[in-house]
Number of protein chains: 2
Amino acid sequence: MTYSVVGKSIKRVDAVAKVTGRAKYADDFFERDTLVGKILRSPYAHAVIKNIDVSKAKALPGVEAVLTYKDVPQTKFATAGHPYSLDPKHRDKEDRSILTNKARFVGDAIAAVVATDELIAEEALKLIEVEYEVLEPLLTPEDAMKEGAPQIHEGCERNILASNGNEYGDLEAAFQEADHIFEGEYETSIVQHCHLENQVAQAYVDTDGRIVIITSTQIPHICRRVVGQALGIPWGKVRIIKPYVGGGFGNKQEVTIEPLTAAMTLAVGGRPVKLELSREEVMIDTRTRHAFKFKIKTGLTKDGKLLGIHIKTISNTGAYASHGHSIAMSASSKFRPLYPVKGFKYEPLTVYTNLPAAGAMRGYGAPQIFYAFECHLDDVARKLNMDPIELRKKNFVEVGFVEPVSKNKVLSCGIRECVEKGKELIKWEEKKARYVNQTGTKRRGLGMACFSYASGTHPVSLEIAGARIVLNQDGSVQLQIGATEIGQGSDTVFAQMVAEVLGIPMDMVHVISTQDTDITPFDTGAYASRQSYVTGMAVKKAALEVKEKILDFVWGMTDIPAHMLDIRDANIIYKHSGEIVMPLEKAAMQTYYDTVFAKPITSDTTNNARINAYSFGVTFAEVEVDIKTGKIQVLEIFNVHDSGQILNHQLAEGQVHGGVSMGIGYALSEQMLFDEKTGKPLNNNLLDYKLPTIMDTPDIGVAFVETFDPTSSFGHKSLGEPPAISPAPAIRNAVLDATGVEFNRLPMNPQRVFEKFKEVGLI
Amino acid sequence: MTYSVVGKSIKRVDAVAKVTGRAKYADDFFERDTLVGKILRSPYAHAVIKNIDVSKAKALPGVEAVLTYKDVPQTKFATAGHPYSLDPKHRDKEDRSILTNKARFVGDAIAAVVATDELIAEEALKLIEVEYEVLEPLLTPEDAMKEGAPQIHEGCERNILASNGNEYGDLEAAFQEADHIFEGEYETSIVQHCHLENQVAQAYVDTDGRIVIITSTQIPHICRRVVGQALGIPWGKVRIIKPYVGGGFGNKQEVTIEPLTAAMTLAVGGRPVKLELSREEVMIDTRTRHAFKFKIKTGLTKDGKLLGIHIKTISNTGAYASHGHSIAMSASSKFRPLYPVKGFKYEPLTVYTNLPAAGAMRGYGAPQIFYAFECHLDDVARKLNMDPIELRKKNFVEVGFVEPVSKNKVLSCGIRECVEKGKELIKWEEKKARYVNQTGTKRRGLGMACFSYASGTHPVSLEIAGARIVLNQDGSVQLQIGATEIGQGSDTVFAQMVAEVLGIPMDMVHVISTQDTDITPFDTGAYASRQSYVTGMAVKKAALEVKEKILDFVWGMTDIPAHMLDIRDANIIYKHSGEIVMPLEKAAMQTYYDTVFAKPITSDTTNNARINAYSFGVTFAEVEVDIKTGKIQVLEIFNVHDSGQILNHQLAEGQVHGGVSMGIGYALSEQMLFDEKTGKPLNNNLLDYKLPTIMDTPDIGVAFVETFDPTSSFGHKSLGEPPAISPAPAIRNAVLDATGVEFNRLPMNPQRVFEKFKEVGLI
């Protein structure tokens with residue numbers, strides 16, 4: 001397909017705003033009388049509050065309110081940012097209240113203070129006296145599931161939150177038919193999103209008596225609902241405003257601080273209260289990525305055809321449910337389309353522990369499952385003495401495949417081309433030959449790993465999106481969407497879509513970047529790599545509706561039938577000849593000022609996207625392993641993506657850069673550490689938590705295989721999360737290639753690599 | 001008609017916001033780096049700028065920019081807040097630029113400073129050196145029209161801005177047929193609106209490169225257009241935000257400070273700049289009410305039937321055109337429906353002078369023309385020795401009359417009932433009898449005067465209005481309108497309309513009070529007493545559309561046909577029995593979360609109201625005149641209005657109280673004074689300008705005659721401006737009744753009354 005604006009590397013619509021510092025984030029809003037909120041956190045991983053005395057804190061001058069669980073509704077609510085479901089069984093687990101009377105991890109919110117300034121608030125926290133009955137902390141799923149272990153949440157048997165698996169075909173028959181059966185165990189670690197902007201919210205009661213919250217969220221409309229539920233008030237009494245957001249990566253697809261911020265303003269008569277988490281707080285009391293432990297069993301024919309896959313996993317969801325049940329289940333949904341087999345079975349267990357709650361994070365289970373499975377495939381290839389690429393090529397999905405569980409159909413698939421392109425880019429054959437039989441201290445190796453991913457959540461969740469377009473007198477338009485720009489560039493691609501459909505230049509599309517639940521069309525927000533796919537349909541629909549209205553109006557003005565007309569370069573033209581009929585501005589003016597037919601043109605559109613599209617891709621990595629120090633250096637890394645048509649190459653590359661960087665950290669250095677006895681966090685700060693720096697990051701190569709997905713408004717598919725999925729297994733497989741050592745646990749940091757090399761006798 | 005919510009004295013939706021100080025006005029918005037703008041004003045009424053040196057001002061530390069006419073576009077634009085017209089002849093006069101190189105009144109804006117604080121800005125103004133060539137100031141229309149007088153605006157012959165009259169029937173024949181011909185001359189003064197909140201605006205360039213202006217305006221969408229025109233940029237590049245407004249009365253139906261504020265922010269790279277006028281500035285450099293001089297000639301039959309009316313008027317529009325041509329013309333449009341005659345002729349002249357520009361003010365010409373004509377009618381009644389009420393009753397319009405010029409048809413008219421009710425309230429007969437033959441120092445008298453008024457501007461201007469409603473999950477709604485709440489209570493009555501149509505309580509209607517041209521449905525704003533009438537149609541239309549969508553959705557959910565359903569008390573009910581089918585909330589939830597049919601319900605509606613309705617009313621006043629001091633005291637005053645169905649009695653009474661108070665000031669004390677030689681303002685402050693205080697104001701009696709106007713969405717008609725029209729002539733006629741002296745010039749302040757009494761020999 002050839003488009004005029006879509007597909008071009010258009011500069012971000014918010015580029016200037018962001019580099020000049022003009023873009024306003026949640027912390028940039030303030031009122032003269034804004035108060036400061038602070039949270040008192042539990043020092044124990046598991047403890048019941050026996051007594052809490054806030055009298056001294058309340059007496060401190062400048063303290064406006066002190067809140068404990070006694071002062072806030074004890075309604076249990078769920079924090080995960082999923083669309084609400086009318087089916088109670090389909091809802092997220094309601095397992096927390098705004099403030100708790102039982103601490104479930106070190107850092108759990110026990111009390112809160114509202115004061116005139118930060119120092120007074122900090123001082124007041126110290127004056128709150130809490131008497132705890134300390135319980136046994138359960139820090140691993142295994143401990144938590146032990147018979148007789150205390151229940152972290154009352155009534156939750158063996159602390160198992162969920163165990164919803166899925167399967168298709170006949171696994172036993174597949175294994176029977178197999179020439180080879182392989183088994184492997186793999187383990188991922190708890191990591192953090194590390195978005196630049198910490199969680200921050202400001203709440204006040206507005207002139208209509210409603211609660212307004214300005215917050216850094218991916219999901220304003222869901223946030224509205226959850227705050228309403230948490231406070232037990234009608235949802236219409238809550239208004240969420242989302243300004244620019246400095247990254248979320250799933251951590252802001254969760255309603256973490258807003259209910260408490262709302263409770264704080266209610267406690268001070270509606271005055272504005274700001275609650276801003278420190279980095280240390282963000283790293284324990286927002287969400288982490290679930291650590292998974294996998295047991296994989298596969299059956300293959302002797303020429304490498306996968307027949308059966310059996311995956312068992314235990315996921316550590318920490319102290320609260322959050323997205324836990326959903327992520328464990330969802331991992332397989334992302335995975336299933338890549339390698340169709342005769343028999344598939346997935347058995348996840350999601351288990352509560354007394355660690356910080358895990359939740360949504362870029363990839364939503366896929367980085368875990370693909371790490372495990374793509375490692376496993378390389379291990380299998382070695383055992384079969386096959387080229388790992390050839391092994392995968394024997395098993396890749398083909399167009400036309402209907403994924404048996406979701407019934408989603410693969411209508412475009414460029415995975416084979418992605419692999420070919422990646423091979424070329426990294427010079428696979430040449431280097432493979434060169435690196436045979438290395439024996440020195442520094443050994444190089446090549447690895448690759450593939451992934452598949454969905455575009456949105458259909459058919460699991462509702463995929464509804466809205467867009468509103470208003471045509472101005474000068475022919476320019478405002479575009480309002482409920483979908484949220486959180487740094488990924490969605491505002492820019494939506495503007496491109498509108499410019500494309502309406503035949504106007506980009507500077508005539510004014511995107512209202514702020515979402516405001518009072519006025520913004522309903523959309524569940526930024527997650528599941530859904531926006532350009534799902535919201536894109538609503539945006540296109542709205543733009544088509546505006547275009548139709550414009551051309552019909554011109555028909556009325558000119559007697560030229562609408563079907564003969566088109567819009568190009570902000571002119572109404574004859575479709576057959578390109579001849580200009582009139583400037584768009586002239587028609588737009590008439591829609592406002594015709595004394596008889598004036599009717600300003602708008603469209604206020606909703607689309608329920610009951611369809612999905614799979615994107616695919618591969619990482620190729622070249623590493624150099626220092627055998628003596630255990631240090632792994634990524635020399636080259638290429639991500640090749642089939643995300644359908646690329647809407648904006650520059651932005652798409654940016655997405656891939658970020659995702660690969662995240663994948664490198666996941667592979668080599670990142671891990672949240674806790675004291676093994678007490679559960680105290682050991683590295684909840686950016687000094688001790690080892691995020692890769694630019695010095696650790698090679699040039700990241702990016703390429704695209706542009707298939708055209710017919711389900712999509714412009715042939716595109718998901719790209720937000722996919723880049724983060726396959727780097728870790730590709731790097732691990734490159735290390736395997738370089739050293740012959742199987743690393744089945746993340747991260748592969750020098751200490752762990754060094755220990756492993758000693759264990760296997762390499763040093 | 002019986003309504004559930006409409007017609008009730010519902011508390012203002014912004015009542016709590018305003019009394020608690022939570023309502024944000026334009027001055028309440030600020031940024032950390034907001035700069036201050038100040039204006040240098042001409043000390044001469046008429047002068048050409050020969051030279052202007054800003055170098056010293058620019059050199060002052062803290063001064064960020066200094067602007068003169070050389071630094072801003074010299075595009076001429078019109079400031080009047082009328083809907084734009086595609087017909088150039090129908091547009092307002094484009095006669096000013098943002099800063100001028102020729103001063104046309106004392107106070108004309110010559111230069112502007114942007115500085116880091118107010119004191120520096122003031123200091124910088126003093127450092128600007130201007131060399132003027134002083135011209136002869138033309139301070140009266142007579143001087144301005146003299147042969148050889150200098151042209152205030154180049155190319156404007158005899159300084160006459162416009163002379164567009166109207167007529168119907170055969171005036172000559174009517175006068176021929178008449179038994180009596182009467183003539184009279186009447187004169188009104190220049191007065192000020194005196195809204196509580198001065199003009200204030202803040203402008204900055206937003207992250208999209210567009211100019212945003214937060215301003216105290218009645219007309220955000222028109223303001224957007226005028227700023228675009230003044231700066232010569234596409235209108236879509238301007239965004240106007242209108243928060244709560246502290247009164248306008250027509251003075252903010254004018255784009256006075258916004259273009260300069262926009263130019264200021266552009267001069268400092270888009271940083272926010274606030275321009276706030278002082279009261280002294282507001283009183284000279286915003287707008288005043290036009291002073292009119294009338295010559296009236298009437299022909300009547302001997303039993304008092306009016307046959308012909310000939311009105312000539314000269315209106316003093318001051319230095320710039322503003323609404324001048326329109327107000328002079330419009331005065332007769334308001335007047336014509338009240339007394340149909342065989343021949344009518346209206347000849348207005350609107351003349352530029354070197355005084356502050358006059359513009360729109362509550363009543364828009366009607367207070368002037370009705371003052372003149374209702375005085376004249378009482379003078380005629382005395383000459384015919386008729387009761388002035390009887391004289392009017394012989395001449396009042398009847399239902400069915402089609403006003404010959406506008407073709408608007410009178411479909412409801414309660415003027416006769418208004419008069420009867422007023423007579424009763426003031427005890428006309430009883431007091432008339434009592435006050436016969438007074439001779440003392442203090443003499444009492446009764447007077448009355450009538451008026452008619454339109455609802456909006458059809459057919460002169462486009463009457464387009466938009467409303468958007470969004471249904472929330474809890475069944476509550478947001479209502480967005482382009483029409484502006486400026487204190488008159490429109491948000492409340494619109495909410496009532498929505499509650500009425502949707503069958504929900506008031507607290508489930510959330511009105512978005514702020515207008516924002518980026519997102520607010522298009523509506524030209526608050527003026528011409530149009531909002532409840534014109535915008536009310538759009539609001540009702542939007543609510544009906546939402547209701548229809550809800551009932552259709554429930555039809556889908558339940559198989560109960562929509563025509564059997566209704567909504568009452570936020571429940572879906574069977575229309576025939578009232579039995580509850582389901583709570584509205586249940587249906588609303590389903591519109592959001594049905595996995596197949598979800599489609600949040602909204603309506604985004606425009607209505608072009610090509611219809612009008614006349615409201616009518618009367619003032620009855622009782623005065624006591626102190627013959628020795630010339631002091632007139634209003635003892636009792638009653639306004640009785642036919643504004644059709646009253647939407648909210650409490651708010652309606654508030655409107656009448658305000659209007660009558662304004663009318664009393666107009667009658668007795670208010671007048672802007674200028675030095676007769678230089679044109680310097682003498683009383684542009686609230687100490688020397690004599691606004692009536694509460695001590696000057698009697699209890700104001702209010703009554704309504706509730707006709708039902710079928711053109712209107714709820715039977716209502718205009719009420720915003722009408723209360724200010726008839727008090728002045730009623731008081732004047734009461735003074736005439738008390739003293740036998742005809743006061744034909746406003747105001748009747750003690751000095752003027754004293755002089756007149758001396759002149760006629762009373763003292």
Side-chain angles (χ1 to χ4, degrees), chain A residues 13-14 16-18 20 22-24 83-86 205-210 225 228 234-237 239 244 270 459 462 464 466 468 470 472-478 480 507-508 510-513 518-519 521-522 585 589-590 592-600 602-604 606 608 610, chain B residues 13-14 16-18 20 22-24 83-86 205-210 225 228 234-237 239 244 270 459 462 464 466 468 470 472-478 480 507-508 510-513 518-519 521-522 585 589-590 592-600 602-604 606 608 610:
Chain A
V13 294
D14 52 8
V16 173
K18 287 182 172 173
T20 57
R22 235 174 222 165
K24 280 181 122 180
Y84 190 63
S85 176
L86 296 174
V205 175
D206 76 2
T207 53
D208 192 19
R210 297 189 299 151
R225 186 249 303 166
W235 307 354
K237 297 275 185 194
R239 178 180 171 198
Y244 284 105
L462 192 61
I464 219 172
R468 180 172 180 248
V470 175
N472 296 324
Q473 290 97 329
D474 58 1
S476 67
V477 296
Q478 272 86 247
Q480 273 178 281
D507 69 357
M508 287 177 73
H510 308 303
V511 185
I512 314 291
S513 189
D518 259 13
I519 52 165
F522 184 76
E585 182 177 7
M589 286 288 274
Q590 200 89 16
Y592 275 84
Y593 302 114
D594 186 285
T595 50
V596 177
F597 298 107
K599 183 171 185 172
T602 67
S603 64
D604 200 351
T606 289
N608 183 354
R610 295 171 57 213
Chain B
V13 295
D14 52 8
V16 173
K18 286 182 172 172
T20 57
R22 233 172 222 165
K24 280 182 120 179
Y84 191 62
S85 175
L86 296 173
V205 175
D206 76 1
T207 53
D208 191 21
R210 297 189 299 151
R225 184 249 304 166
W235 307 353
K237 297 274 185 196
R239 177 179 172 200
Y244 284 104
L462 193 59
I464 219 172
R468 180 172 180 248
V470 175
N472 296 324
Q473 290 97 328
D474 59 1
S476 67
V477 296
Q478 274 85 248
Q480 273 179 282
D507 68 358
M508 288 178 72
H510 308 304
V511 184
I512 314 290
S513 189
D518 260 13
I519 51 164
F522 184 76
E585 181 177 8
M589 286 288 276
Q590 199 89 15
Y592 275 84
Y593 301 115
D594 186 284
T595 50
V596 178
F597 298 107
K599 184 172 184 173
T602 67
S603 65
D604 201 350
T606 289
N608 183 354
R610 294 170 60 212

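Within every chain, numbering begins at 1; the chains are lettered A, B, ... in the order of the sequence lines, protein sequences first and strands thereafter. Note that the coordinates shown come from a computational prediction; the quantities given were computed from them, not determined experimentally.
No side-chain heavy atom of His510(A) sits less than 4.5 Å from a side-chain heavy atom of Val477(A). Using a 4.5 Å heavy-atom threshold, the side chains of Gln478(A) and Ile519(B) count as separate.
Between chain A and the options Ser85(B), Pro83(B), Gly270(B), heavy-atom pairs under 4.5 Å are most frequent for Gly270(B). By number of non-hydrogen pairs under 4.5 angstrom with chain A, the leading residue of Ala23(B), Gly228(B), Ser513(B), Pro234(B) is Pro234(B). Between chain B and the options Gly209(A), Pro600(A), Gly466(A), Ser603(A), heavy-atom pairs under 4.5 Å are most frequent for Pro600(A). Top candidate by heavy-atom pairs under 4.5 Å with chain A, chosen from Ile464(B), Val511(B), Val470(B), is Ile464(B). Among Lys24(A), Arg225(A), Arg468(A), Glu585(A), the residue making the largest number of heavy-atom pairs under 4.5 Å with chain B is Arg468(A). Counting heavy-atom pairs under 4.5 Å between each of Lys599(B), Met508(B), Arg210(B) and chain A puts Arg210(B) at the top. Among Thr602(A), Thr606(A), Thr595(A), Val596(A), the residue making the largest number of heavy-atom pairs under 4.5 Å with chain B is Val596(A).
The two residues Thr207(B) and Ala17(A) make their nearest non-hydrogen contact at CB-CB, 3.1 Å. Smallest separation of non-hydrogen atoms from Asn608(B) and Phe597(A): ND2-N, 4.5 Å. Nearest heavy atoms, Tyr593(B) versus Leu462(A): CA-CD2, 3.6 Å.
Remark: Arg239(B) pairs with Asp516(B), Asp518(B) by the salt bridge (charged side-chain N to carboxylate O under 4.0 Å, His left out) rule, at least two apart or across chains. Tyr592(A) pairs by the ring pair (Phe, Tyr, Trp, His ring centres under 6.0 Å) definition with Phe522(B), not counting sequence neighbours.
In this structure, the portions of Arg22(A) lying under 4.5 Å from any heavy atom of chain B include both its backbone and its side chain. The part of Ile512(A) that comes within reach of chain B is its side chain, from C-beta onward, which places non-hydrogen atoms under 4.5 angstrom from that chain. If you measure heavy-atom distances from Val16(B) to chain A, you find no contacts under 4.5 Å at all. Both the backbone and the side chain of Gln590(A) come within less than 4.5 Å of a heavy atom of chain B. Both the backbone and the side chain of Lys237(A) come within less than 4.5 Å of a heavy atom of chain B. Ser476(A) touches chain B through its side chain: at least one heavy atom from C-beta onward sits under 4.5 Å away, while N, CA, C and O do not.
The backbone N or O of Asp474(A) sits nowhere less than 3.5 Å from a side-chain atom of Asn472(A) that would complete a donor-acceptor pair.
Under the 3.5 Å distance criterion, with hydrogens and angles disregarded, no donor-acceptor pair is assigned to the side chains of Gln473(B) and Tyr84(A).
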